[in-house]
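What follows is a single structure, written as structure tokens, with notes after it.
As the structure is a prediction and not an experimental result, all values here were calculated from the model. Chain naming here is simple, since letters A, B, ... match the order of the sequence lines and numbering starts at 1 in each.
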There are 2 protein chains.
Amino acid sequence: MSKPAARTPTLEDVARVAGVSRATVSRVINGIRNVDSGIQETVRKAIQATGYTPNQAARSLVTRRAGTIVLVMAGAPGQGEEFATQVFADPFFGRVAGGVVNFLRNHGIHPVLMLAETDKARAEVVDFLRRGNADGALLVSTHPEDPLPRRLVDAGLPAVLFARPARPVPISYVDMAHQAGAALAADHLISRGRTRVVTICGPLDVPAAQARLAGFQQAMARHGHPYIPTAEGGFTQQSGEAAMTRLLAEHPDLDGVFAANDLMAHGAVLVLQKNGRRVPEDVALVGFDNSPPALASRPRLTTVVQPLEEMAAEMARILLERIESPGQSPRSVIFDPALVIREST
Amino acid sequence: MSKPAARTPTLEDVARVAGVSRATVSRVINGIRNVDSGIQETVRKAIQATGYTPNQAARSLVTRRAGTIVLVMAGAPGQGEEFATQVFADPFFGRVAGGVVNFLRNHGIHPVLMLAETDKARAEVVDFLRRGNADGALLVSTHPEDPLPRRLVDAGLPAVLFARPARPVPISYVDMAHQAGAALAADHLISRGRTRVVTICGPLDVPAAQARLAGFQQAMARHGHPYIPTAEGGFTQQSGEAAMTRLLAEHPDLDGVFAANDLMAHGAVLVLQKNGRRVPEDVALVGFDNSPPALASRPRLTTVVQPLEEMAAEMARILLERIESPGQSPRSVIFDPALVIREST
DNA sequence: ATGAAAGCGCTAACAA
DNA sequence: TTGTTAGCGCTTTCAT
């Protein structure tokens with residue numbers, strides 16, 4: 001007696017039940033006015049009754065909008081397989097992803113996750129967007145020479161970067177005032193009476209690392225310390241330990257350290273303590289990022305806060321704006337840092 | 001002279017350039033044989049020449065396949081806004097996400113990320129799937145009573161869970177042999193000559209936490225220790241510190257600790273050391289998960305390894321299989337744990 | 001304010 | 001082996 005075919009209901013079905021045309025049902029669903037309120041009610045009932053859900057593919061086909069965006073995590077080349085499984089272990093990517101997801105959900109859109117550390121993977125990202133699978137891309141990369149931004153721009157695809165690209169590309173991005181952040185660290189160490197200060201900087205091909213180093217050096221210079229011993233690390237705990245070991249050997253009387261991220265700062269703390277230095281009594285130490293290691297370390301680290309979640313949300317906001325109205329010129333938004341003071345200084 | 005309209009090329013365009021029909025081009029693209037190799041060549045050239053990319057929406061509309069899946073991260077209720085921004089800071093979610101992404105990319109598919117900690121968010125997940133936005137769901141939840149699995153099953157949507165649901169639901173899942181893992185920890189502490197052993201367990205409404213506790217107790221019982229002092233924690237470092245403090249107050253002579261995860265284990269180490277106990281000389285300690293804190297802690301933690309990435313990949317594999325051939329009965333795959341021995345024991 | 005009808009770009013019978 | 005054709009479910013002019 002009942003229909004044996006359990007097809008999922010379509011607009012047509014709703015229209016038939018409501019006794020109106022497909023067009024009218026479509027109007028009601030898409031919230032277009034000029035629909036008699038009585039009919040609106042009837043249509044809504046019919047939607048309920050049929051259990052109708054719009055088919056996104058059909059809608060996308062005509063609107064030419066996927067209603068989705070891609071979140072691309074790009075790493076340095078040569079990390080290979082490792083990258084995929086480790087990227088999310090990095091709280092940096094994690095917080096950015098969280099910020100993006102949390103912002104987008106309020107707009108009813110959910111990001112597709114892609115990795116792009118190889119050339120093949122980058123091509124897939126471009127392809128994915130060209131197929132219309134997504135309307136734009138959010139690109140978070142630690143790799144300063146990443147060729148992906150250029151490709152996206154060339155393909156005319158809406159995209160927003162996290163962090164300014166190393167080479168100038170006409171593309172929107174959000175970033176933090178890294179120099180100002182490092183200056184906060186310098187001012188704070190000086191205010192704690194430190195005079196023999198050193199720094200562990202990040203990889204110098206990363207613009208952010210450069211900016212943190214430059215900002216720190218300039219601020220210290222303003223305080224009368226034109227030369228700051230420096231050791232370069234790779235943003236890992238281990239590299240922080242190695243850098244601290246070198247600095248300690250060359251400057252055994254140091255009394256202050258600024259590390260370009262918390263992971264390296266934590267490594268530095270461990271080396272200092274192993275070498276009989278008390279933190280903060282003998283050596284005061286400031287990190288950067290306010291990431292989990294800053295809290296896990298003992299003493300807990302004074303550190304420069306980067307408002308990652310806000311930055312991520314802003315990045316998404318800009319992307320939606322550009323998708324909505326294309327053809328605008330690129331825009332950048334720079335966020336201010338802050339200092340969180342804990343027991344390491 | 002040249003076409004002013006910069007429409008993105010369609011099958012029709014390629015067909016015209018190649019001098020064949022749409023159907024033939026479609027066959028070439030989808031790798032269907034029965035196409036003359038000479039024509040294949042011509043078509044490929046035409047594709048190159050036109051810069052053609054298939055339109056996924058059009059394809060999905062007829063195949064009734066999105067070619068995508070959802071990765072859902074579900075947290076305990078009441079975490080609210082916090083959840084979104086913190087979920088990815090948790091290395092557990094991060095490693096699972098990494099494993100999933102890494103497996104799926106080899107199949108040319110990229111997951112959509114969704115959060116589902118509120119009822120509204122759960123409804124969105126079901127809706128997203130019903131709209132045909134994705135073909136199935138991978139659900140990673142720490143919330144044992146999560147109603148989402150049930151809803152997915154009821155809606156007839158393909159889904160695979162990480163971890164066995166608290167209430168029986170006819171759904172596929174992957175899990176680890178938690179009891180066996182905890183038994184490894186017990187055996188190891190005994191082999192280190194520890195006799196006054198305590199444990200910090202996880203929240204007892206979480207099946208995995210229950211299993212770890214039960215497994216540990218049973219293994220210790222087999223070694224002649226029928227009673228094991230226990231303190232319940234919440235899987236956080238802070239709760240680990242609190243639990244260790246309580247245990248130390250009641251059993252100042254304890255010489256071995258098993259914590260149900262590394263975060264709590266790390267908290268325990270800090271409390272032990274603050275109370276003048278050396279690790280591992282005075283107290284040996286075993287954690288669970290082999291997560292970053294296990295390496296960041298000093299001494300580094302002996303811990304039970306859960307092969308999260310492999311489990312994640314298997315979860316994705318099962319889902320693809322079910323999408324490919326629906327109507328199979330649920331399946332579960334249980335993974336074996338291993339022990340990583342470091343300096344804490 | 002509502003309906004009729006024309007596609008969006010693709011795949012899959014079915015013919016040839 | 002190749003082409004013809006009929007939709008997939010929806011939005012959107014254009015009439016009315």
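- The separation between B:Arg16 atom CZ and D:dG3 atom C1' is 16 Å, rounded to whole Å.
- With DNA chain D read from its 5' end, the first of the two nearest nucleotides for A:Glu12 and A:Arg27 is the one closest to A:Glu12.
- If you check D:dT11, D:dC14, C:dC10 against the side chain of B:Pro54, the one that comes closest is C:dC10.
- Checked against C:dT2, D:dC10, D:dT2, the side chain of B:Val35 finds its nearest nucleotide in D:dT2.
- For A:Asp36 and C:dG3, the CG to P distance is 11 Å, given to the nearest whole Å.
- The CG atom of B:Leu129 sits 7.5 Å away from atom CE of B:Met114, with the distance rounded to the nearest 0.5 Å.
- Side-chain N/O atoms of A:Ser26 include none lying less than 4.0 angstrom from OP1 or OP2 on D:dC10.
- Atom P of nucleotide C:dC8 and atom CZ of A:Arg65 are separated by 18 Å, given to the nearest angstrom.
- Where B:Leu61 and B:Ile32 each meet DNA chain C at their nearest nucleotide, the meeting point lying more 5' is that of B:Leu61.
- Of all the heavy atoms in B:Phe162 and B:Leu308, the pair that sits closest is CZ-CD2, 3.6 Å.
- With a 4.5 Å cut-off on side-chain heavy atoms, A:Ile29 and A:Tyr52 count as touching.
- Candidate nucleotides D:dT4, C:dG7, C:dC10 were compared by shortest atom distance to the side chain of B:Ser21, and D:dT4 ranks first.
- Atom C1' of nucleotide C:dG3 and atom CG of A:Leu11 are separated by 14 Å, given to the nearest angstrom.
- With rounding to whole Å, A:Arg59 atom CZ is found 5 Å from D:dT11 atom P.
- Counting to the nearest Å, the P atom of D:dT2 and the CD1 atom of B:Ile29 are 15 Å from each other.
- One atom, CD1 of B:Ile47, and another, P of C:dG9, lie 16 Å apart when rounded to the nearest Å.
- Candidate nucleotides C:dC10, D:dT2, C:dT11 were compared by shortest atom distance to the side chain of B:Thr10, and C:dC10 ranks first.
- Among the nucleotides C:dA12, D:dG3, D:dC10, the one closest to any side-chain atom of A:Val62 is D:dC10.
- The closest side-chain heavy-atom distance from A:Asp135 to A:Pro158 is not below 4.5 Å.
- For A:Arg65, the CZ atom counts as densely surrounded, since its 6.0 Å shell holds more than 12 non-hydrogen atoms of other residues, nucleotides or ligands.
- Whole-Å rounding puts the A:Asn55 CG to C:dC10 P distance at 17 Å.
- Looking at which nucleotide of DNA chain D each of B:Arg64 and B:Asn34 is closest to, the 5′-most match is held by B:Asn34.
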